[in-house]
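As the structure lists them, so they are numbered: ligands from 1, and atoms in each ligand from 1.
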Amino acid sequence: MPRKTFRAGEMIFAEDDAPTTAFLVETGQVRITTVQHGKTRLLGDLGPGALLGEMAVIDSSPRSASAQALSDCVLTPIDRNQFAERLAAADPVVRALLMSQLSRYRSALATLTGDTRQEPGRLAQEDTHAFDKIRLESELRNALERDQLDMQLQPILHIASGNIAGYEALIRWQHPERGQVSPIEFIRLAEETSLIVPVGEYVLKRVCQMLSALRERGRSPLPFIALNVSARQLEEPGLVERMLAQLDAHDLPRDRLEVEITESLVFKHSLIKHLIDECHAAGMEVALDDFGTGYSNLGPLLGLNFDRIKLDQSFTRSMDQPRGKAIVQAIVAMTRALGSEMIAEGVETQDQLDTLRELDCEYAQGWLVGRPVSLQSVLDTD
Ligand code: C2E
Ligand code: MG
Ligand code: MG
């Protein structure tokens, strides 16, 4: 929209007008007023650089004040859609904060002007959801401090020998009111803030304690434990050093810790390459999680030197169809050609296990082999 010029004394917009644009003051002075108990009250004078009329544009309410040019002035109109698009793309929590502040300001203004038409500020449903998220986030913070998170172990079967070669560590949160919260939900939440860092520290610490407990129990060879690393953790400097420090603190062999990276992160190619190099230099192994979930560009993915590739559950399920089986067979061959081993995820039936054995897949993980359980029950069933 082209700039607009207003002569001194001219109205830019009036109280109760329907909002279509906000304005940026380029030159001149603008006076903002409202009518209070029948009298005009000055809310402020604005000069170059100031934004005006944005409130009504943000929450689509009628103008709560009037704007008049004090001197000749030039304004740049900003269409409401320009704000709407950015607001829609913003972090929902930030948007909810903005809306909450706006509604508080409006009710303060209504009280001041004696305007009784104003409804008490009510949040839109999406803003309520954003606050639900913030609530869950502080509950997660508390859970972490109060030790209410827990790690479970799910066995990974070495198919040819029939031995349990290792376990995947899976985090659990038993919420006092909500019950079990899925890690998919709360890990994503933790990832949106720096909370993922202490959560990751907790996971690492528990995994090393568990390895140590298995060793004390006399498990020989000592099984490996795989832990999941998410996007934000990958970006934290010193991740591998912290892993090594924890392993060394328990005097554990480094190759008993395996790092799982989900396939959706492969676009962070150089970060992952760096992590793999560091892990290998330190003697740790790295697995590619959820292989085949559809994000990957096969070329860059296969350029990464993963020790193990974890076939996503959906492929395991598809093996009852000839095409599904053929695809898994091709993935096993590809995995082998790359010098990696394959773990099939989500193995629930004997038929699936038999097919995997026939296809020479090395490992199986899933409910058929065992559900995720506490460390104590792993120790008890030994
Ligand atoms: P994932 O790493 O792919 O973990 C495998 C998921 O499949 C787990 O879900 C597991 O319980 C489930 N599963 C295992 N066997 C079967 C089966 O036979 N059938 C079916 N239907 N499901 C099976 P869970 O524990 O809910 O974890 C979900 C995701 O949350 C994980 O996917 C992982 O991405 C993430 N996650 C879990 N724990 C952690 C953690 O400690 N740190 C991080 N960063 N992410 C974690
Ligand atoms: Mg995993
Ligand atoms: Mg997986």
query: Under 3.5 Å, N or O to N or O, is Ser182 touching ligand 1 that way?
result: no
- prompt: Asp290 to ligand 1: N or O pair under 3.5 Å?
  reply: yes
Within the distance-only criterion (no hydrogens, no angle test), does the side chain of [X] pair as donor or acceptor with the backbone N or O of [Y] below 3.5 angstrom?
X      : Y      : value
Glu236 : Val197 : no
Ser138 : Ile134 : yes
Arg95  : Leu87  : yes
Asp17  : Pro19  : no
Asp79  : Asn81  : yes

Considering only protein heavy atoms, which is closest to [atom], and at what distance to one decimal place?
atom                    : value
atom 38 (N) of ligand 1 : Ile171 N, 3.1 Å
atom 5 (C) of ligand 1  : Glu345 OE1, 3.7 Å
atom 15 (N) of ligand 1 : Gln154 NE2, 2.9 Å
atom 26 (O) of ligand 1 : Pro183 CG, 3.5 Å
atom 23 (C) of ligand 1 : Gln313 NE2, 3.2 Å
atom 28 (C) of ligand 1 : Ile184 CG1, 3.5 Å
atom 42 (N) of ligand 1 : Asn228 O, 3.4 Å
atom 18 (O) of ligand 1 : Trp367 N, 2.8 Å

task: Kindly indicate whether a cation-pi arrangement holds for Arg63 with Phe13, taking the cut-offs as under 6.0 Å to the six-membered ring centre and within 45° of the axis.
output: yes
message: Tell me whether the NZ or CZ atom of Arg308 lies within the 45° cone about the ring axis of Phe224 and under 6.0 Å from its centre.
response: yes
Using a cut-off of 6.0 Å, state whether more than 12 heavy atoms not belonging to [X] lie near its atom [atom1].
X      : atom1 : value
Arg357 : CZ    : yes
Lys205 : NZ    : no
His250 : NE2   : yes

Return yes if a side-chain donor-acceptor contact under 3.5 Å exists between [X] and [Y], otherwise no.
X      : Y      : answer
Ser318 : Arg323 : no
Ser71  : Gln29  : no
Gln82  : Arg86  : no
Glu15  : Thr34  : yes
Gln352 : Thr316 : no
Glu168 : Gln365 : yes

With a cut-off of 4.0 Å, which atoms of ligand 1 are near a heavy atom of [X]?
X      : result
Val203 : 41 (O)
Asp289 : 1 (P), 2 (O), 3 (O)
Gly346 : 16 (C), 17 (C), 18 (O)
Glu348 : 17 (C), 18 (O), 19 (N), 20 (C), 21 (N)
Ser230 : 44 (N)
Pro372 : 11 (O)
Gln233 : 44 (N)

Mind checking whether [X] has a heavy atom under 4.0 Å from ligand 1?
X      : answer
Lys310 : no
Gln152 : no
Glu168 : yes
Glu191 : no

message: Working note: Ile272 + Phe306, criterion side chain to side chain contact (heavy atoms under 4.5 Å, CB included); need CA distance, chi angles, decisive distance, verdict.
response: CA-CA 10 Å; Ile272 294 185; Phe306 289 105; 4.0 Å; yes
query: If you look at every heavy atom in Gln233 and Asn228, which pair is closest and at what distance?
result: OE1-O, 4.0 Å
query: Under 2.8 Å from the Mg ion (ligand 3), how many protein N/O/S atoms can be counted?
result: 4
- prompt: Distance below 4.0 Å between atom 45 (N) of ligand 1 and any protein heavy atom?
  reply: yes
task: For atom 9 (O) of ligand 1, state whether the nearest protein heavy atom is under 4.0 Å away.
output: no
- prompt: Between OD1 of Asn228 and OE2 of Glu168, what angle is found at the Mg ion (ligand 2), rounded to 10 degrees?
  reply: 90°
